[in-house]
**Q** 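Quick one: the structure is below, and I'll ask about it shortly.
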Amino acid sequence: MLGLETIGLDPAQGETLPLAAYREDFRSRQWTIDGQDSWKLERQQEFKEPGFPSWEAFSRGDWETAMRLVEGERDWLREFARENDERGISLFRVRVVEQPLAPYLQWELHLLRLRAEYGERIRVVGPERIRELEAEGPLPELLTLGDHTVYKIRYDDQGILDGAVRFVDPRVTARCRDFTRDLYECGEDVIPYFDREVAHLPAPGPG
C-alpha cells in the first residue's frame with residue numbers, strides 16, 4: 001500500500017481556503033470533471049454539522065426525527081446521482097470506522113448507506129488497516145476532484161468544517177487518489193457492513 005509519507009501534502013505547496021472560499025471553490029469545480037472520479041477519505045470519528053437538519057435533530061437527541069430527515073434526502077440524492085451519471089462522474093468514499101461506534105458515526109452510517117443506494121461507492125475500513133500508516137498522526141480528511149484537484153479538509157477543535165488546503169498539482173492528486181484507492185480495495189461495502197453492525201443498534205444518546 002502507498003505510504004502516507006509519499007503523498008506530499010506540504011501546506012506550503014497548497015492554498016489555504018477559509019470555509020466560505022472552500023465552499024465556493026468546490027462548487028465551481030464540482031461539475032468540471034466529466035468522465036472522471038472523485039475520491040473521499042473520512043478518518044475522524046466525530047464531527048459536528050450545524051445547519052444540516054438531520055444532524056441537528058440527532059444532536060438534540062431526537063433520533064426519530066433525525067432518521068426521518070435522512071430519508072428525506074432521497075429526492076436530492078436521486079437527482080444528484082442522475083447528474084453524476086449523465087456526466088460520467090463516479091464517486092468513491094472510504095470511511096474509517098472504529099468500534100464501538102461513536103454516536104455520530106452511527107448516525108452518519110445511516111446517511112452513507114442511503115448514499116450507497118444511489119450509486120456512491122462506499123467502503124468501510126477498520127483501524128487495523130491503517131494502524132501502521134498513523135505512526136506520525138491520524139490520516140487526513142481528503143477529497144479529490146478529477147485529475148487536478150485535491151482538498152485536505154480542515155476542521156476546528158469541535159469537529160466543525162473550517163475550510164481546506166487546496167492542491168492543484170496533478171502528481172499530488174494522483175498520489176492522494178491512489179492512496180485512497182488502496183484503502184478502498186481493503187474495505188467492505190457499506191451496505192452489508194451497515195446491515196450487520198448498525199441496523200440493529202438502539203438509538204444513541206444526543207450527539
**Q** Answer whether the closest heavy-atom distance between the side chains of Gln45 and Leu101 falls below 4.5 Å.
**A**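 The answer is no; the side chains never approach within 4.5 Å.
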**Q** Among Thr16, Thr149, Asp25, whose side chain to side chain donor-acceptor pair (under 3.5 Å) with Arg166 holds?
**A**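 Running side chain to side chain donor-acceptor pair (under 3.5 Å) over Thr16, Thr149, Asp25 with Arg166 returns exactly one hit, Asp25.
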**Q** Any side-chain to backbone donor/acceptor pair from Thr144 onto Trp39? Under 3.5 Å, distance only.
**A**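 Looks like yes, one N/O pair under 3.5 Å.
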**Q** Within the side chain of Glu141, is there an N or O that forms a donor-acceptor pair under 3.5 Å with the backbone of Arg43?
**A**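 Pair found, side chain donor or acceptor close to backbone of Arg43.
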**Q** As an exercise, state the distance from CG of Asn84 to CG of Leu91, rounded to the nearest 0.5 Å.
**A**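 These two atoms lie 4.5 Å from each other.
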**Q** Are Phe179 and Leu139 close enough that some pair of their side-chain heavy atoms sits under 4.5 Å apart?
**A** yes
**Q** Verify side chain to side chain donor-acceptor pair (under 3.5 Å) between Arg121 and Tyr184, making sure each step is shown before the conclusion.
**A** CA-CA 9 Å; Arg121 302 168 191 180; Tyr184 182 88; 5.8 Å; no
**Q** Return yes if some donor-acceptor pair links the side-chain N/O of Gln106 with the main-chain N/O of Pro202 below 3.5 Å, else return no.
**A**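 Yes: the side chain of Gln106 pairs with the backbone of Pro202.
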**Q** Within the 4.5 Å heavy-atom criterion, are Ser38 and Leu143 side-chain neighbours or not?
**A**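 Heavy-atom side-chain distance check passes, below 4.5 Å.
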**Q** Within the 4.5 Å heavy-atom criterion, are Arg113 and Ile191 side-chain neighbours or not?
**A**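 Side-chain contact under 4.5 Å: yes.
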**Q** Do Val125 and Val97 belong to the same hydrophobic cluster, where Ile, Leu, Val, Met, Phe, Trp and Tyr are linked whenever their side-chain heavy atoms lie under 4.5 Å apart, directly or via other members?
**A** no
**Q** Does a donor on one side chain and an acceptor on the other come within less than 3.5 Å for Ser59 and Trp107?
**A** no
**Q** How about Leu133 and Leu183: do any of their side-chain heavy atoms sit closer than 4.5 Å?
**A**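 Yes, side chains in contact.
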**Q** Under 6.0 Å between the ring centres of Trp76 and Phe52?
**A**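 Distance test on ring centres: not under 6.0 Å, no.
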**Q** Please test Leu112 against Glu42 for side chain to side chain contact (heavy atoms under 4.5 Å, CB included), starting from the C-alpha separation and ending with a verdict.
**A** CA-CA 12 Å; Leu112 294 184; Glu42 291 183 303; 4.3 Å; yes
**Q** Specify the closest pair of heavy atoms between Ile130 and Val96, including all atoms of both residues, with the distance to one decimal.
**A** CD1-CG1, 3.8 Å
**Q** Treating Arg154 as the side-chain partner and Asp162 as the backbone partner, does any N or O pair qualify as donor plus acceptor under 3.5 Å?
**A**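 Such a contact is found between Arg154 side chain and Asp162 backbone.
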**Q** Within a strict 4.5 Å, meaning less than it, do heavy atoms of the Leu142 and Lys40 side chains meet?
**A**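 The answer is no; the side chains never approach within 4.5 Å.
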**Q** Mind listing the closest non-hydrogen atom pair of Asp195 and Ala199 along with its distance?
**A**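 Scanning both residues, the minimum pair turns out to be O-CB, 3.9 Å.
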**Q** Linking Ile, Leu, Val, Met, Phe, Trp and Tyr by side-chain heavy atoms under 4.5 Å, what else ends up with Ile160?
**A**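 Its cluster mates, by chain and number: none.
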**Q** Do Arg93 and Arg123 have side chains that approach each other closer than 4.5 Å (heavy atoms only, starting at C-beta)?
**A** no
**Q** Between CD of Glu83 and CZ of Arg78, what distance do you get to the nearest 0.5 Å?
**A** 15.5 Å
**Q** Val172 vs Val150, test: side chain to side chain contact (heavy atoms under 4.5 Å, CB included). Steps then yes/no.
**A** CA-CA 8 Å; Val172 175; Val150 59; 4.0 Å; yes
**Q** Do Phe47 and Tyr104 have their ring centres less than 6.0 Å from each other?
**A**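 Under 6.0 Å, so yes.
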**Q** Quick check: are there more than 12 heavy atoms from other residues, nucleotides or ligands sitting under 6.0 Å from CD of Glu136?
**A** no
**Q** Any idea which heavy atoms bring Ala57 and Thr65 closest together, and the distance?
**A** CB-CG2, 3.9 Å
**Q** Return the CD to OG1 distance between Glu185 and Thr180, rounded to the nearest 0.5 Å.
**A** 12.0 Å
**Q** Can you tell whether the side chains of Arg181 and Asp178 come within less than 4.0 Å, N to carboxylate O?
**A** yes
**Q** Using the rule given for side chain to side chain contact (heavy atoms under 4.5 Å, CB included), can you reason through Glu49 versus Phe58, listing the C-alpha separation, both sets of side-chain angles and the distance that settles it, and then say yes or no?
**A** CA-CA 10 Å; Glu49 300 191 29; Phe58 153 69; over 6 Å; no
**Q** Should Tyr155 and Trp55 be regarded as members of a common hydrophobic cluster, given that ILVMFWY residues are connected when their side-chain heavy atoms come within less than 4.5 Å of each other, either directly or indirectly?
**A**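 Both belong to a single hydrophobic cluster.
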**Q** Can you measure from CZ (Arg177) to CG (Leu145) and round to the nearest 0.5 angstrom?
**A**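 Reported value, rounded in 0.5 Å steps: 11.5 Å.
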**Q** In Å and rounded to the nearest 0.5 Å, what is the CZ to CD distance from Arg115 to Glu108?
**A** 9.0 Å
**Q** Taking only Lys NZ, Arg NE, NH1 and NH2, and the carboxylate oxygens of Asp or Glu, determine whether Arg129 and Glu134 approach each other closer than 4.0 Å.
**A**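 No, this pair does not count.
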**Q** Do the side chains of Arg82 and Glu79 get close enough for a salt bridge, i.e. N-O under 4.0 angstrom?
**A** yes
**Q** Go through the structure and list residues passing ring-ring contact (aromatic ring centres under 6.0 Å, His included) with Phe26, not counting sequence neighbours.
**A** none
**Q** For a 4.5 angstrom cut-off between non-hydrogen side-chain atoms, does Tyr151 reach Leu17?
**A** yes
**Q** Provide the closest heavy-atom pair for Asp147 versus Gln36 in the form atom of the first, atom of the second, distance.
**A**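 That closest heavy-atom pairing would be N-OE1, 2.9 Å.
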**Q** Looking only at non-hydrogen atoms, find the nearest pair between Gly163 and Tyr22 and report the distance.
**A**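 The pair with the smallest heavy-atom distance is CA-CB, 4.0 Å.
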**Q** Say you draw a straight line from CD of Glu98 to CD of Glu128; how long is it, rounded to the nearest 0.5 Å?
**A**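 One gets 10.0 Å once the value is rounded to the nearest 0.5 Å.
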**Q** Taking it one step at a time, do Arg60 and Glu56 satisfy side chain to side chain contact (heavy atoms under 4.5 Å, CB included)?
**A** CA-CA 7 Å; Arg60 63 178 181 264; Glu56 295 276 5; 4.0 Å; yes
**Q** Please give me the minimum heavy-atom distance between Ala116 and Val190, naming the atom from each residue.
**A**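 Minimum heavy-atom separation between Ala116 and Val190: CB-CG1, 3.6 Å.
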